[in-house]
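The structure appears right after this line, and notes come after that.
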Amino acid sequence: KDGMEAMDNTKKDNYTAILPVFPQIEKTEALKQAPKWDRTIEKCSKAIKKHSMLIKGVERCKPIDDAYLLLGKAYYQRQDYADAIGVFNYIINTHRNGNVWPDAFVWKAETELKMDRREDAEESLEMIRQDIANCKKDQYKQHWEAVYSQLLLEQKEYDQASIYLSELLKHKHMPKDFKTRIHFILAQVLQKCDQKPDASKNYAMVLKRNPEYEMEFNA
């Protein structure tokens, strides 16, 4: 969390284009936090080695899949995307009954987008669509909708992107800054689709939420 917060403070958005759902972080900035990612990887690996009870292909120690997911996320934040996908694939293949199984697909798709593998990302998201719809964890649904929105933005399918961004904003429990960012992106997309009144409403919503200066100025 410390590493992610530090990186968030270094993000540089290009307001002349539609913002990405997830801020772009330079590799050099990610590596500045390498000691934190390495420590996370070390601790997760130790927990798995010490406590995993994989018996006949079934993990008997329930928190282990959480440790694997955190391990994959640490590789993702370090921008070691191949290692991250390896971990997410392992969860998908061996922890079907675990509580993080659906989100592993979404993290895999998010990583594939970072690697410009859009077809693979779309396949991962479609494979888990129904499971996510039936999932009780709202945070998993939020994550799926956010990643799917990013995919649609990259495919320049702006009409569809506006639908999923609007659905994403219906979730009640969402980090304040992230929700403000989604309002701004939705406004940009609606403006591009020539839906100016709705775009204006979302820009106004951004202003009401007291964003950082640069976003406020552009809104």
Side-chain angles (χ1 to χ4, degrees), residues 4-26 29-30 76-77 102-103 105-126 128-130 132-133 135 137-219:
M4 290 171 66
E5 184 177 344
M7 283 208 308
D8 189 56
N9 293 330
T10 68
K11 69 178 185 293
K12 295 179 180 179
D13 286 316
N14 175 17
Y15 284 93
T16 63
I18 293 177
L19 299 186
V21 173
F22 306 103
Q24 300 292 337
I25 305 294
E26 294 292 333
E29 294 297 334
Y76 172 88
Q77 297 295 346
D103 205 32
F105 271 96
V106 186
W107 273 104
K108 180 187 176 188
E110 186 175 339
T111 308
E112 287 164 339
L113 283 179
K114 291 291 188 181
M115 300 172 77
D116 293 323
R117 290 164 47 180
R118 292 173 191 162
E119 290 184 3
D120 293 339
E122 185 171 12
E123 182 181 353
S124 297
L125 291 168
E126 290 298 342
I128 203 65
R129 180 189 284 268
Q130 194 57 48
I132 288 290
C135 183
K137 289 199 172 185
D138 187 67
Q139 67 193 70
Y140 290 177
K141 294 178 182 179
Q142 282 187 42
H143 192 198
W144 188 93
E145 288 170 1
V147 176
Y148 200 78
S149 296
Q150 179 61 36
L151 172 66
L152 292 170
L153 290 175
E154 292 187 16
Q155 293 174 333
K156 302 188 186 313
E157 296 180 21
Y158 297 122
D159 287 328
Q160 283 293 307
S162 69
I163 293 172
Y164 281 94
L165 289 166
S166 297
E167 286 297 311
L168 182 57
L169 285 170
K170 291 179 182 178
H171 294 280
K172 293 181 180 179
H173 303 292
M174 189 185 300
K176 178 180 178 292
D177 289 345
F178 183 65
K179 192 164 189 174
T180 305
R181 185 180 186 87
I182 298 303
H183 272 294
F184 189 93
I185 296 169
L186 178 57
Q188 290 181 301
V189 171
L190 291 170
Q191 185 178 357
K192 195 168 188 70
C193 295
D194 204 31
Q195 298 180 39
K196 293 186 173 68
D198 289 334
S200 182
K201 288 178 184 176
N202 278 277
Y203 283 129
M205 183 61 71
V206 171
L207 296 174
K208 286 180 182 179
R209 296 177 64 83
N210 298 318
E212 58 188 25
Y213 171 75
E214 193 174 11
M215 181 173 286
E216 180 180 31
F217 177 83
N218 281 278

*Determine which pairs satisfy salt bridge (Lys or Arg N to Asp or Glu O under 4.0 Å) with at least one residue from residues 179-189, sequence neighbours left out, and list them in order.*
Asp13-Arg181
*Can you list every salt bridge (Lys or Arg N to Asp or Glu O under 4.0 Å) pair that touches residues 149-160, not counting sequence neighbours?*
Arg118-Glu154
*Please collect all ring-ring contact (aromatic ring centres under 6.0 Å, His included) contacts where either partner lies in residues 187-209, sequence neighbours excluded, each pair once.*
Phe184-Tyr203
*asked:* I'd like to know if Asp8 and Lys11 make a salt bridge, using a cut-off of under 4.0 Å between side-chain N and carboxylate O.
replied: yes
Interatomic spacing from [atom1] in [X] to [atom2] in [Y] - rounded to 0.5 Å:
{"X": "Tyr15", "Y": "Lys12", "atom1": "OH", "atom2": "NZ", "answer": "13.5 Å"}
{"X": "Leu169", "Y": "Gln142", "atom1": "CG", "atom2": "CD", "answer": "10.0 Å"}
{"X": "Tyr158", "Y": "Gln188", "atom1": "OH", "atom2": "CD", "answer": "10.0 Å"}
{"X": "Gln155", "Y": "Leu151", "atom1": "CD", "atom2": "CG", "answer": "4.0 Å"}
{"X": "Leu186", "Y": "Ser166", "atom1": "CG", "atom2": "OG", "answer": "4.5 Å"}

Side-chain ([X]) to main-chain ([Y]) donor-acceptor, under 3.5 angstrom:
{"X": "Gln150", "Y": "Val21", "value": "yes"}
{"X": "Lys141", "Y": "Cys135", "value": "yes"}
{"X": "Glu145", "Y": "Leu165", "value": "no"}
{"X": "Trp144", "Y": "Leu125", "value": "yes"}

*Should Gln160 and Tyr148 be marked as a side chain to side chain donor-acceptor pair (under 3.5 Å) after you check the CA-CA gap, both sets of side-chain angles, and the distance that decides it?*
CA-CA 10 Å; Gln160 283 293 307; Tyr148 200 78; over 6 Å; no
Heavy-atom pair of closest approach, residues [X] and [Y]:
{"X": "Asp103", "Y": "His143", "result": "OD1-ND1, 2.8 Å"}
{"X": "Ile128", "Y": "Phe105", "result": "CD1-CD1, 3.5 Å"}
{"X": "Ile25", "Y": "Ala30", "result": "CG2-N, 4.2 Å"}
{"X": "His171", "Y": "Glu167", "result": "CD2-O, 3.7 Å"}
{"X": "Ser124", "Y": "Glu112", "result": "OG-OE1, 3.0 Å"}
{"X": "Leu19", "Y": "Asn14", "result": "CD2-O, 3.6 Å"}

*asked:* Within the structure provided, determine whether Leu152 and Ile163 are in side-chain contact (heavy-atom separation under 4.5 Å).
replied: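 No, side chains not in contact.
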*May I ask you to test the Lys114-Gln24 pair for a side-chain heavy-atom distance under 4.5 Å?*
yes
Using residues 209-219 as the side-chain source, report each donor-acceptor pair under 3.5 Å to any protein atom, sequence neighbours left out, with the distance given to one decimal.
unit_1, atom_1, unit_2, atom_2, d
Arg209, NE, Thr180, OG1, 2.8
Arg209, NH2, Lys176, O, 3.2
Asn218, ND2, Glu214, O, 2.7

_Residues that Asp116 engages under side chain to side chain contact (heavy atoms under 4.5 Å, CB included), provided they are two or more places apart_ = none
*For the residue pair Phe178 and Phe22, does the interplanar ring angle fall in the parallel (under 30°), tilted (30 to 60°) or perpendicular (over 60°) class?*
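If you compare the ring of Phe178 with that of Phe22, the planes turn out parallel.
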*Applying side chain to side chain contact (heavy atoms under 4.5 Å, CB included), run through Arg117 and Leu113 and close with a yes or a no.*
CA-CA 5 Å; Arg117 290 164 47 180; Leu113 283 179; over 6 Å; no
*Is atom CE of Met4 surrounded by more than 12 heavy atoms (other residues, nucleotides or ligands) closer than 6.0 Å?*
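Count not over threshold, so no.
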Do any side-chain atoms of residues 195-202 form donor-acceptor pairs under 3.5 angstrom with protein atoms, and if so which ones, sequence neighbours left out?
unit_1, atom_1, unit_2, atom_2, d
Lys196, NZ, Asp194, OD1, 2.4
Asn202, OD1, His183, ND1, 2.9
Asn202, ND2, Asp198, O, 3.0

*After noting the C-alpha distance and the side-chain angles of Glu126 and Arg129, does the key distance pass the side chain to side chain contact (heavy atoms under 4.5 Å, CB included) rule?*
CA-CA 5 Å; Glu126 290 298 342; Arg129 180 189 284 268; 2.9 Å; yes
